[in-house]
Amino acid sequence: MPELPEVETIKNGLGILLPGKIIKSIESDWPKGFPNLETDIEQFLVGAKIVKVTRRAKMLIITLDTGYSLVFHLKMTGQLVFRGKKHFGAGHPGDSLIGPLPDKSTRVIITFKQDQEKLFFNDQRKFGWVRLIPTAEIDKVDFIQKLGPEPLSTSFTAEQLAGRLRRRAHSSIKAALLDQTMLAGVGNIYADESLWAARIHPATLVSKLSQRKIYQLFCDIQNVLRLAIKEGGSTDRNYVDAQGYGGGYLNVAKVFRKENTPCPRCGSTIIKIRVAGRGTHLCPKCQKEIK
DNA sequence: CACTTGACCTGTCCGC
DNA sequence: TGCGGACAGGTCAAGT
C-alpha cells in the first residue's frame, strides 16, 4: 500500500525529524528483512549521523555520513514511525517522548543518541526489507537501476511515457502501470484512480490506446499523485506517516474501494473486477474497454 | 521474450 | 463461538 504518495509523505516527515540524529543502537531479530545487520552494525551504523532522507520509487533512503545508506521498502504493510521529543523547536530537556510505541509488528528499532529517540520499522506481513548499501552504489543496484522514471520528475514527459508503454504493448494498461520498470511509484490505488480520471478501462490493451489517451493518462497520473501527496497518502488499514497519522486521500478517491457507490462523474455504479491479478475499481460507463 | 500466476506473510472478515 | 477460506496488494521467481 505504501505507493509513491505514501512514501513521499513519510519522507517529508522524516526529512524534518531525522537529519543530524546519531545512531546509538539498532535492534532487530529479522534476518530476512534486514540481512546485513549482524555484520555491518558496528562498522557502518553505530555512531553514524543521518544526513538526509530521500525517496526513489516506493523506496525510502536514509543517507548516513559513513558513506552508507539505509534503503527501506515498505511493501504492503510497512511503517516507518518516529518517537521523539516534541519537534519544530517546542521541546526542551526533560520532556518525555511522544509518538508511537513499538508493537508486535515492530521489526527494527533504531535508537538515537539524542534523548533515546527512536525510529521503528513496523511490518505486519514481513514483506518489507531494509538494506545497507554504499551511497555511491545505490544508482547501480539492480532493483534501483531497473526502475522506470519518476512520474513527478520535471524531466518526465508524455513522449517518454508513450515510448516506455510500447514495451508493454500486449498487456493491459493496468498491468503496465503497475510495472515499476515501466514507471516508478504507481501501485494499485493510484493506477485505478488515474485510469478513471483518464476514462480508460483498466483491461484495455496498451496497443489500443491512442496518443491522445496516453497524453490524458500522463496528465492524470501526475494530477492524482499530486493530490494524494497533498492529502498525505491513502490510509486503508496499515499506512501511517512518520509520526503515526493516517492520510486522507481515500476520502477524496473516486473509485478505489468505492464499489457499489455512484460514479462521481456519471452516477453509474462503480464496480470491482480483477485485472492483472489485482482488485480493480472502475466505472463501467465512463471507462469502456477498447478491444 | 512477453506476459501471467503463485508465493511470500499476517490479520481480518465472512459464512457455516 | 470456532474454524476454514478468501482476501488485502508490492514484487519476484517460476510457469505458460
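Letters A, B, ... are given to chains in the order of the sequence lines, protein chains preceding strands, and every chain is numbered from 1.
- Computed from coordinates, the R274(A) CZ to dT4(B) P distance equals 14 Å when rounded to whole Å.
- Atoms CD1 (I189(A)) and P (dG9(C)) sit 8 Å apart, rounded to a whole Å.
- No side-chain donor-acceptor contact under 3.5 Å links K146(A) and T181(A).
- Comparing D236(A) and K58(A) by the nucleotide of DNA chain C whose heavy atom lies nearest to each, the residue mapping closer to the 5' end is D236(A).
- If you measure from atom CH2 of W30(A) to atom P of dC9(B), you get 11 Å, rounded to the nearest angstrom.
- Computed from coordinates, the K174(A) NZ to dT11(C) C1' distance equals 15 Å when rounded to whole Å.
- Distances shorter than 4.0 Å separate some side-chain N or O of Q180(A) from OP1 or OP2 on dT11(C).
- Between H201(A) and I173(A), the shortest heavy-atom contact is O-CG2, 3.6 Å.
- Nearest to the side chain of K126(A), among dC3(B), dC9(B), dT11(C), sits dC9(B).
- Phosphate proximity of dT10(B) to K104(A): absent, as no side-chain N or O sits under 4.0 Å from OP1 or OP2.
- Put simply, K75(A) has no side-chain N or O that comes within less than 4.0 Å of OP1 or OP2 on dA8(C).
- Taking the ring centre of W129(A) as origin, the terminal cationic atom of R107(A) falls outside the region bounded by 6.0 Å and 45° from the ring axis.
- Contact between L217(A) and S194(A) at its shortest, heavy atoms only, is CD1-O, 4.0 Å.
- Atom P of dT11(C) sits at a distance of 22 Å from the matching atom of dG11(B), rounded to the whole Å.
- Closest contact between the side chain of Q124(A) and the listed nucleotides dG11(B), dC9(B), dG10(C) involves dG11(B).
- Using modelled atom types and a 3.5 Å distance limit, the side chains of T280(A) and K272(A) yield no donor-acceptor pair.
- Side-chain to base pairing of R278(A) with dG10(C): one donor and one acceptor N or O lie within less than 3.5 Å of each other.
- Within the shown strands, nothing qualifies as a pairing partner of dC9(B) under the Watson-Crick or G-U definition with both distances less than 3.5 Å.
- Taking 3.5 Å as the limit, the base of dA2(B) and the side chain of R168(A) contain no donor-acceptor pair of atoms between them.
- Relative to the side chain of K32(A), the nucleotides dT4(B), dC9(B), dT11(C) differ in distance, and dC9(B) lies closest.
- K272(A) comes within contact range of the sugar-phosphate backbone alone, with a heavy-atom separation under 4.0 Å but no base atom that close.
- Protein atom CG of D123(A) is 14 Å distant from nucleotide atom C1' of dA8(C), rounded to whole Å.
- dT11(C) has no stacking from F127(A) on its base ring, since the centres under 5.5 angstrom apart and planes within 30 degrees of parallel are not both found.
- If you chain together hydrophobic residues whose side chains sit under 4.5 Å apart, I50(A) and I26(A) fall into the same group.
- Note on R125(A): every side-chain N or O is 4.0 Å or more away from OP1 and OP2 of dT11(C).
- Here the side chain of H73(A) is nearest to one of dA2(B), dG9(C), dG10(C), namely dG10(C).
- Nucleotides dT5(B) and dC7(C), compared at atom P, are 15 Å apart to the nearest Å.
- As a whole-Å value, the separation of L74(A) CG from dT10(B) P is 18 Å.
- Residue F256(A) is in sugar-phosphate contact alone, with no base atom involved, counting any heavy-atom pair closer than 4.0 Å across all strands shown.
- For S171(A), counting side-chain heavy atoms from C-beta on, the closest listed nucleotide (dG9(C), dC3(B), dC12(C)) is dC3(B).
- Spacing between dA6(C) and dG6(B) at atom C1', rounded to whole Å, works out to 15 Å.
- In this structure, CZ of R167(A) is placed 13 Å from P of dC1(B), rounded to the nearest angstrom.
- For F256(A) and Y190(A), the distance between ring centers is not under 6.0 angstrom.
- Look at CD1 on I173(A): it is 15 Å from C1' on dC3(B), rounded to the nearest Å.
- Residue contacts shown for A276(A) are absent, as no nucleic acid heavy atom lies under 4.0 Å away.
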